[in-house]
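The structure appears below as structure tokens.
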Amino acid sequence: MPELPEVETTVRGIRPLVEGKRVREVVVRERRLRWPVTHGINRILSGKRILCVHRRAKYILIKFSHGTLMIHLGMSGQLLVVPKNVAPAKHDHVDIVLVGSKVLRFRDPRRFGSVLWVRGDPQVSPLLSKLGPEPFDEAFTGNLLFEVARGRRLAIKNLIMDGRIVVGVGNIYASEALFRAGIHPARAAGRVGLRRYQHLVQAIREVLADAIAAGGTSLRDYAGVTGEPGYFECSLKVYGRAGEPCVNCGGIIQHKVIGQRASYYCAHCQH
DNA sequence: CTTTACGCCTGACGGC
DNA sequence: TGCCGTCAGGCGTAAA
């Protein structure tokens, strides 16, 4: 399930392979994704040059002179760069065929992802305009979390997963960051002090940076640009480890559904 | 305004 | 072996 580190890994992987390349054609085999693939995408992109590839939150932004292709990997999406002679598989929904020998291929079995064309500045598009800061942006601080949490009773785990507060903290890394920060995931956000929020910001950055450095977590669906799985999975300290001993204290890792999401924590280490 | 629930979708998994 | 029910999970949207 792609989270920010997986998306960042994908961006870094495809960037040197597609930047500066011109699009030959776009082949859409299945347009029923999260939203329908933008109509006429072949006419929009054919003959145009990819200027650069960026990430904003979990969106992959492929910039052209006349607009931006916004790709979201959803739950099970992958963006691969493959030789043209590699036949599309069952869930390979969109091929961006490049001039030369390669194809930028969007694969997504569960079709929670999206492939959308945005004219002009993508930052003002509805999907991006309300997003909070990137976790590595200096605007993301313990003070920001503390202020925005004041008086709020929702679980802190839900707060840090709210893209309007900070982007890119998905379910896996929310549990991992809270474990590192020693904060119980169900604790009311308004009942966490400034110092602990500062520690949490640090923990979020650490866990994301570690995962990016490791090439992204691989649980079920993630694979790198050429198909190899990532390998951060073994670094997860609490996620998916219910019933196993805590790496810190040896206590049993707990599982609890918080805000409709599976959450993992050590009741002894996290308060 | 805040908070909660839902739905989209397929593959994996467990029970029988 | 195969069929079926259940569930995960990002995240926009609707509802409370």
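Here is how names work: the chains are called A, B, and so on, in the same order as the sequence lines, proteins then strands, and each is numbered from 1. All figures in this text were calculated on a predicted structure; none of them were measured in a lab.
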Using atom NZ of A/Lys157 as one end and atom C1' of B/dT4 as the other, report the distance to the nearest whole Å.
15 Å

Rounding to a whole Å, what distance do you find between A/Ile258:CD1 and B/dA5:C1'?
17 Å

Residue met sooner reading DNA chain B from 5', once A/Arg164 and A/Arg32 are mapped to nucleotides:
A/Arg164

Distance check: side-chain N/O of A/Lys58 vs OP1/OP2 of C/dG10, anything under 4.0 Å?
no

Is A/Glu176 paired with A/Arg180 through a side-chain N to carboxylate O contact shorter than 4.0 Å?
no

What N/O pairs connect the protein and nucleotides 12-16 of chain C at under 3.5 Å? Give each pair on its own line.
from   : atom 1 : to      : atom 2 : distance (Å)
C/dG12 : OP1    : A/Tyr59 : OH     : 3.2
C/dG12 : O4'    : A/Arg34 : NH2    : 2.8

Below 4.0 angstrom from OP1 or OP2 of C/dG9, is there any side-chain N or O of A/Tyr239?
yes

Nearest whole Å is fine: how far is C/dG10 P from A/Ile172 CD1?
7 Å

Atom-to-atom span, CZ of A/Arg110 to P of C/dC11 - whole angstrom:
14 Å

Under 4.0 angstrom between A/Arg111 side-chain N/O and B/dT10 OP1 or OP2
yes

Spacing between A/Leu116 atom CG and C/dC11 atom P, to the nearest angstrom
13 Å

Under 30°, 30 to 60°, or over 60°: which ring-plane class applies to A/Tyr59 and A/His72, parallel, tilted or perpendicular?
perpendicular

Kindly point out which of B/dT3, C/dG9, C/dG10 is positioned nearest to the side chain of A/Ala262?
C/dG9

Within the structure shown, what part of the strands sits under 4.0 Å from A/Lys130 by heavy-atom distance: base, sugar-phosphate, or nothing?
nothing

Grab the CE-P distance between A/Met70 and C/dC11 for me, whole Å please.
11 Å

Any link between A/Phe106 and A/Val18 through a network of hydrophobic side chains (Ile, Leu, Val, Met, Phe, Trp, Tyr) touching at under 4.5 Å?
yes

Would you say A/Arg152 places a side-chain N or O within less than 4.0 Å of OP1 or OP2 belonging to B/dT3?
yes

Looking at every non-hydrogen atom in both residues, tell me the closest pair between A/Leu73 and A/Pro2 and how far apart they are.
CB-CG, 3.8 Å

Report the relative orientation of the aromatic rings in A/His66 and A/Trp117; use parallel for angles under 30°, tilted for 30 to 60°, perpendicular for over 60°.
tilted

Carboxylate-amine/guanidinium contact A/Glu6 A/Lys58, below 4.0 Å:
no

Distance, rounded to the nearest Å, where A/Asp162 contributes CG and C/dG9 contributes C1'
17 Å

Rounded to whole Å, how long is the line connecting atom CZ of A/Arg107 with atom P of B/dG11?
12 Å

Aromatic stack A/Phe112/C/dC11: centroid gap under 5.5 Å, interplanar angle under 30°
no

Could you tell me if A/Lys237 and A/Asn248 have a donor-acceptor pair between their side chains, going purely by distance under 3.5 Å?
no

